[in-house]
Chemist: 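Have a look at this one.
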Amino acid sequence: MKFTRLALSIIGALLVVLGLIWIGQGSGAFPYPASSFTINQTPWIIRGAIAAIVGVVVIWGARWFLR
């Protein structure tokens, strides 16, 4: 049970970080790498927000339901 909670927490944290990177690239605030097709593209802001929200829900679910 502990391993599952830890694994889900790590996966959730990675989703949150990935979502924040996508939001930064989509908004142009994090233009790296310069040749990326995600820079200044609004759909990547939305996808990043969804990924970050899913990550938070996974972390919350791992801590709440897997006690």
Side-chain angles (χ1 to χ4, degrees):
M1 193 67 94
K2 274 187 162 183
F3 176 75
T4 304
R5 186 168 61 188
L6 176 65
L8 286 174
S9 295
I10 290 171
I11 290 169
L14 289 174
L15 274 171
V16 170
V17 169
L18 181 67
L20 292 175
I21 289 172
W22 284 352
I23 290 170
Q25 286 182 330
S27 66
F30 182 66
Y32 182 81
S35 61
S36 178
F37 59 91
T38 62
I39 296 174
N40 292 326
Q41 299 294 320
T42 305
W44 287 100
I45 298 172
I46 297 166
R47 291 175 185 143
I50 292 169
I53 291 169
V54 168
V56 168
V57 169
V58 168
I59 293 169
W60 177 79
R63 294 184 182 267
W64 181 255
F65 292 112
L66 297 176
R67 288 188 174 192

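All residue numbers in this chain count up from 1 along the given sequence.
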Chemist: Identify the two heavy atoms, one from R63 and one from R5, that lie closest to each other, and give their separation to 0.1 Å.
Modeler: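 Where R63 meets R5 most closely, the heavy atoms are CA-CD, 4.1 Å.
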Chemist: If Ile, Leu, Val, Met, Phe, Trp and Tyr residues are connected whenever their side-chain heavy atoms lie under 4.5 Å apart, and connections chain through other members, are I50 and I45 in the same group?
Modeler: no
Chemist: Quick check on the hydrophobic clustering: are V54 and I46 connected, directly or via other members, by side-chain heavy-atom contacts under 4.5 Å?
Modeler: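 The answer is yes; both residues are in one hydrophobic cluster.
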Chemist: What are the two closest non-hydrogen atoms of Y32 and I39, and how far apart are they?
Modeler: N-CD1, 4.2 Å
Chemist: Using side-chain heavy atoms (C-beta onward) and a distance below 4.5 Å, is V56 in contact with V16?
Modeler: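 Result yes, sub-4.5 Å side-chain heavy-atom pair found.
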Chemist: Tell me if a side-chain donor or acceptor on S27 pairs with a main-chain N or O of G24 at a distance below 3.5 Å.
Modeler: yes
Chemist: For L8 and A62, which heavy atoms make the closest approach, and how far apart are they?
Modeler: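 Scanning both residues completely, I find the closest heavy atoms to be CB-CB, 3.6 Å.
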Chemist: So do I21 and F30 actually touch side chain to side chain, heavy atoms under 4.5 Å?
Modeler: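 Yes, close enough: below the 4.5 Å cut-off.
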Chemist: So how far is it from I10 CD1 to L15 CG, rounded to the nearest 0.5 Å?
Modeler: 12.5 Å
Chemist: First locate atom CG of L18, then atom CD1 of I11, and finally report the distance between them rounded to the nearest 0.5 Å.
Modeler: 13.0 Å
Chemist: So how far is it from I23 CD1 to R47 CZ, rounded to the nearest 0.5 Å?
Modeler: 13.0 Å
Chemist: Is a side-chain N or O of Q25 found less than 3.5 angstrom from the main chain of S36, in a donor-acceptor match?
Modeler: no
